[in-house]
Number of protein chains: 2
Amino acid sequence: MIENYKNKILSFYKKNRRMPSYGEIMKLLSFQSRNAVYKLVNKLVDEDFVGKDSTGRIIPKKIFGEVKMIGLVQAGFPSPAEEELSDTMNFDEYLIGNKEATYIMRVKGDSMIDAGICEGDMVVVERTNTFPVGKIVIASVDGEWTIKYLRKRGDTYYLEPANKDYDTIYAENELKVEAVVKAVVRKY
Amino acid sequence: MIENYKNKILSFYKKNRRMPSYGEIMKLLSFQSRNAVYKLVNKLVDEDFVGKDSTGRIIPKKIFGEVKMIGLVQAGFPSPAEEELSDTMNFDEYLIGNKEATYIMRVKGDSMIDAGICEGDMVVVERTNTFPVGKIVIASVDGEWTIKYLRKRGDTYYLEPANKDYDTIYAENELKVEAVVKAVVRKY
DNA sequence: TTGACAGGTGAACACTTGTTCACCTATAAT
DNA sequence: ATTATAGGTGAACAAGTGTTCACCTGTCAA
């Protein structure tokens with residue numbers, strides 16, 4: 001029963017992008033008094049399902065938009081008892097540092113395949129003015145955009161693919177590092 | 001100036017996990033009347049920076065918690081003018097279908113390296129009772145947990161790594177498919 | 001049979017909510 | 001010099017806010 005309540009609150013949050021008020025929960029769960037809701041919410045707060053403001057308003061807890069995290073594949077899935085203890089994570093927070101400077105790009109070609117970046121993968125990149133040698137970067141070389149490792153020999157920077165079939169790239173005119181690759185996301 | 005306002009509202013949302021009320025914005029922006037806020041908010045609604053409920057409450061628009069998406073790496077970054085038009089995405093929504101059945105696991109070993117899944121990568125998996133042949137699954141074979149391709153020959157299922165150095169795995173006693181791999185996430 | 005208690009109702013509290021109105025500047029255009 | 005306009009103040013409105021209180025069940029244990 002209480003799980004049902006949680007689900008209804010959760011889907012309200014999903015739909016309206018905010019937590020419901022006590023009155024709204026009352027209608028949502030077909031209660032007759034807001035006080036019934038008040039008592040219910042206090043229990044949900046104890047359970048850490050939701051939280052409260054300094055003004056008493058209900059605020060979402062971590063569970064909203066988060067996913068349970070397990071150590072290793074080899075460890076298998078936790079029992080329901082262990083599940084309570086398992087960590088949760090949120091991809092947006094995990095993957096995105098500086099929101100303003102972050103972009104998502106889709107990868108074409110297999111020049112980075114040995115680094116585990118395949119055609120069609122999405123890369124999370126963050127714009128930069130630095131030259132982070134050794135990292136995977138988005139660079140524009142003589143007007144062309146690519147994703148490669150940034151290397152340095154002596155005073156000159158160059159780009160190195162992660163695929164034996166491709167050659168390293170030296171800029172004829174200009175090599176500009178536009179962004180650093182922060183993460184790779186592939187969906188099946 | 002108005003950018004400054006947006007930032008303050010945004011960081012309120014980040015901190016409190018909900019949108020501020022008119023009165024709260026008033027204090028936030030050091031206004032003397034809520035009506036000044038009211039007029040400001042209406043402009044922000046026109047700009048599509050925020051939205052309004054049926055009850056008049058302010059709700060976050062897509063921008064909150066989302067990231068700009070670019071077509072291909074080769075396309076480069078958009079100009080500020082184009083940026084307005086570019087799509088945005090939200091990782092949680094993108095990666096997670098059924099929240100209850102979804103887990104994150106960390107990969108150990110290089111048996112799936114040719115599929116672009118490296119040691120230390122995080123996989124997003126969804127529990128299942130089906131046998132999705134051809135997909136990458138989390139399976140328990142005779143008590144051991146692994147991540148492999150699920151294959152079928154005749155009536156028997158078996159597991160195939162994506163690495164020539166490893167052998168295919170046939171279960172001596174039992175092969176159980178615990179979950180399907182929905183996505184791979186790697187952070188640098 | 002009694003008492004405790006979890007879970008619900010319904011009314012009341014002070015306060016905050018979004019919204020509207022009349023009014024007050026400055027700044028810019030005519 | 002006059003008029004419009006964008007952006008602010010301050011008071012008022014009904015409605016909704018979280019919270020508290022007294023009260024009413026049914027269920028279960030002693």
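Naming convention: chains lettered A, B, ... in sequence-line order (proteins, then strands); numbering from 1 in each chain. Fair warning: this is a prediction, and the values are worked out from it, not measured in the lab.
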OP1 or OP2 of dT16(C) sitting under 4.0 Å from any side-chain N/O of Tyr22(B)? no
For the residue pair Tyr170(B) and Tyr158(B), categorise the inter-ring angle as parallel (less than 30°), tilted (30 to 60°) or perpendicular (more than 60°). parallel
Taking atom P of dG7(D) as reference, at what distance in whole Å does atom OH of Tyr5(B) sit? 10 Å
Closest nucleotide among dT20(C), dT17(D), dG10(D) to the Glu24(A) side chain: dT17(D)
Considering every strand and a 4.0 Å limit on heavy-atom distances, what is the contact class for Arg57(B): base, sugar-phosphate, or nothing? sugar-phosphate
Side-chain N or O of Ser21(A) versus OP1/OP2 of dT17(D): is the shortest distance under 4.0 Å? yes
Mind calculating the distance between CZ (Phe31(B)) and C1' (dA6(D)) to the nearest angstrom? 12 Å
Lys39(B) side chain near dT9(D) phosphate (N/O to OP1/OP2, under 4.0 Å): no
Between CD1 of Ile58(B) and P of dT16(C) the distance, given in whole Å, is 17 Å
In whole angstroms, how far is the C1' atom of dA15(D) from the NZ atom of Lys27(A)? 11 Å
I'd like to know if Glu178(A) pairs up with Arg127(A) as an ion pair, taking the criterion as any Lys NZ or Arg NE/NH1/NH2 lying under 4.0 Å from an Asp or Glu carboxylate oxygen. yes
Tell me whether Lys6(A) forms a cation-pi arrangement with Phe49(A), defined as NZ or CZ under 6.0 Å from the six-membered ring centre and within 45 degrees of its axis. yes
Taken to the nearest whole Å, CE/Met26(A) to C1'/dT9(C) is 11 Å
Output the rounded distance in Å from CE (Met19(A)) to P (dG18(D)). 11 Å
Phosphate-side-chain proximity, Lys43(B) and dA6(D), N/O vs OP1/OP2 below 4.0 Å: no
Between Gln32(A) and dG8(C), does any side-chain N or O lie under 4.0 Å from OP1 or OP2? no
Does Asn35(A) get its side chain close enough to the base of dG10(C), under 3.5 Å, for a donor-acceptor pair? yes
Are there more than 12 heavy atoms of other residues, nucleotides or ligands under 6.0 Å from atom NZ of Lys187(A)? yes
